[in-house]
Amino acid sequence: MQKEITLGQMDLPNYRNVQLTILVILRVLIGWHFLYEGVVKLLSPYWSSVGYLLEAKGIFSGLFNWITASSTAIRVVDFLNIWGLIAIGLGLILGCLTRAASIAGIILLGLYYVANPPFVGFKYSFPTEGSYLIVNKNLIEIFALAVLTVFPTGKIIGLDRLIFYKKKSAG
Amino acid sequence: MSQEPKENNKKTGEEPDEGSIGRRDLLKGLATIPVIGVFLYSLFKKRSYDKRIKKSIFEELGLSREAPAVLPKYTMKKPGQLIRLGIIGFGGRGEALVRSSGFAHPDWIEKKKKDALKNKRDKTLKHFLEQEDLNIVYNGVCDVFDIRAERGLATAGKSAKRYIHYQELLASKDIDAVIIATPDHWHARMVIDAAKAGKHVYVEKCMTRTVDEVYRVVDAVKKSNIVFQLGHQGREAESYIKAREIMKKNILGKVTLVVTSTNRNDPNGAWVYKIHKDASPKNIDWEQFLGPAPRRPFSLERFFRWRCWYDYGTGLSGDLFTHEYDAVNQIMDLGIPRSAVASGGIYFFKDGRDVPDVYQVVYEYPDKDLTLVYSATLASEKRRGKVFMGHDASMEVGGSLTVTVDPRSTKYKKKIEEGIIDLSLPLFVYSPGLKGIDVVTSATEKYFAGRGLMYTFRGGKIVDTTHLHIKNWLDCIRNGGKTSCNIDLGFQEAITAHMGTISYREGRKVYWDPVKQKIV
């Protein structure tokens, strides 16, 4: 019955039930976090990335500060950020283009991390709820997404199962 | 789970069409969709909770969430006929006023171009270029220092002519209105002469140097038909206009104490201005500078740093308290206090000045059950805001505005108990440029709103308040109406400031006799 094996199934790692469950829960939780961050910004009429970018420290601070100088650049950045967060969040929750969503999430979080890295000597006026030295929650979330990228689940539990199934049928 | 794919194959094999999606695939493919449902439901619940709290607070306050409506009224009008101006006094403030009305010196533009290249966020030049054209020309420049007069001519445009004496400028037929930015000891005489000559006046604060001059200026302006504006540009600040609305709605409850301050800590802030390297008796008309002031030998310090001496200026009271007072007067219609007690001293800048660098004054308004306190230092920058302290809430006003409910408030007791008002957060904040005011729901929002950072690019153009204040004056010249800081308000400002100065200099409590309209 080789013919009936879908493309997705051929790529699937062999997880134990508990492994799959935990990976899917982690994926949905990170997705929820992204989605809510995006939706909050979308619904707030006053939100803008300006303040965050103005606080930028480290090697890319010049670039981030440069963005704040142009209202057009700010609008583009705000738009990409909001819809990027929402798309990544939906992708992770639904398991839709999961791999792309995970990688995009890593990139976006990477930008947040390099914009405001918790390095020695860098001070921020943002209120934070915890204490961070080099490692902060962005960095941890980046690696949680890295785990999801190398242990994919979207084609088992998620829309990717149907998307890639269809592709096979069409091919 | 490792067996899953095979199991699945069996199942899909049962489906009628080979290669099509099976029931199990569908279930697994769509397994996480309910999460979106949970998400949307939670989001809806959170949103309606926040909305209910905001709505309940705004209903309670009876406050509009919009930006003040007063502001655009005169900024919308197109400038009508050309107004021909003269500038008297082209020092630092004079040049700033001319620039705010649309004319900048080429060197200034060059410098700002370089600044903008160095720092992309420096928008000074951009804002200047975007400023509305006020349809004015400068036909006259008058300054007793040749170098400044020349700079004034280079700034004011081709039509400008230099006048050696302000009287000649006032006599000129091609000048309709004058901006007076001289030292304070000249204000009264120039305003009176301008009023007599029928020229409209925009004069810097403090309106006069002495009490006696106040009456004479008011008399001259009232007898004439000129349009008078006192240079308190804070009148155009959105946050002050909004603060007035909040005060009118009695959101703070009974306000019994208003605390204001000045906190500066650099030589420039203490009026130790740079002395021009080429300045000398040859290019400064010392006699004309002295004018009504006591005769003294030529002094570069006195010429450039005139604010340090009572002969020419009015010290912290006339120079900086007046801004604070005028803001409070704008917000609360305070008027002239019943009494004043002031103290202070020259504690840091022992440079030969006779005005204090640390100064406090307490004004009593027994009719209003209110005390106004002003505390100033020129030797510490520790920020102390302008705070209106009410029984139910306090309000801090500066560039932005923050209202915080008092834990012991009577009016909000129920709302505090119900958890609708969160005492750890301000009741609301308002930042200019922001489209409206909003209830703060998180610490991050509080942080951003307080700094006014969030709204810089969303609120549209940033407009200079001095520009608006000059525009308000020009609009009244063209269309009639009351200027935003008119002669009656100027009277209150000057009398109140002088009460403090007299109290400080004479070491006694002074009173205002409202019947005789005299300081006693």
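Sequence lines set the chain letters: A, B, ... in the order given, protein chains first and strands last, and positions in each chain run from 1. Both backbone and side-chain heavy atoms feed into the values below; hydrogens, waters and symmetry mates do not.
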| query | Closest approach of B:A31 and A:I157, non-hydrogen atoms and distance? | reply | CB-CG2, 3.7 Å

| task | With a 4.5 angstrom heavy-atom cut-off, could you sort out which part of B:L27 is near chain A: side chain, backbone, both or neither? | result | neither

| query | Out of curiosity, B:D25 CG to A:I156 CD1, how far, rounded to the nearest 0.5 Å? | reply | 12.0 Å

| request: Tell me, yes or no, whether the heavy-atom count around A:F143 atom CZ, taken from other residues, nucleotides or ligands under 6.0 Å, exceeds 12. | output: no

| said: Quick check for you: among A:D160, A:L35, A:L90, which has the greatest number of heavy-atom pairs under 4.5 Å with chain B? | reply: A:L35

| field | Atom OH of A:Y113 with >12 non-hydrogen neighbours under 6.0 angstrom | value | yes

| remark: Output for pair (B:I33 CD1, A:I93 CD1), nearest 0.5 Å, gives 11.0 Å

| Proximal component of A:V39, with respect to chain B [non-hydrogen, under 4.5 Å] | side chain

| task | With a 4.5 angstrom heavy-atom cut-off, could you sort out which part of A:V18 is near chain B: side chain, backbone, both or neither? | result | neither

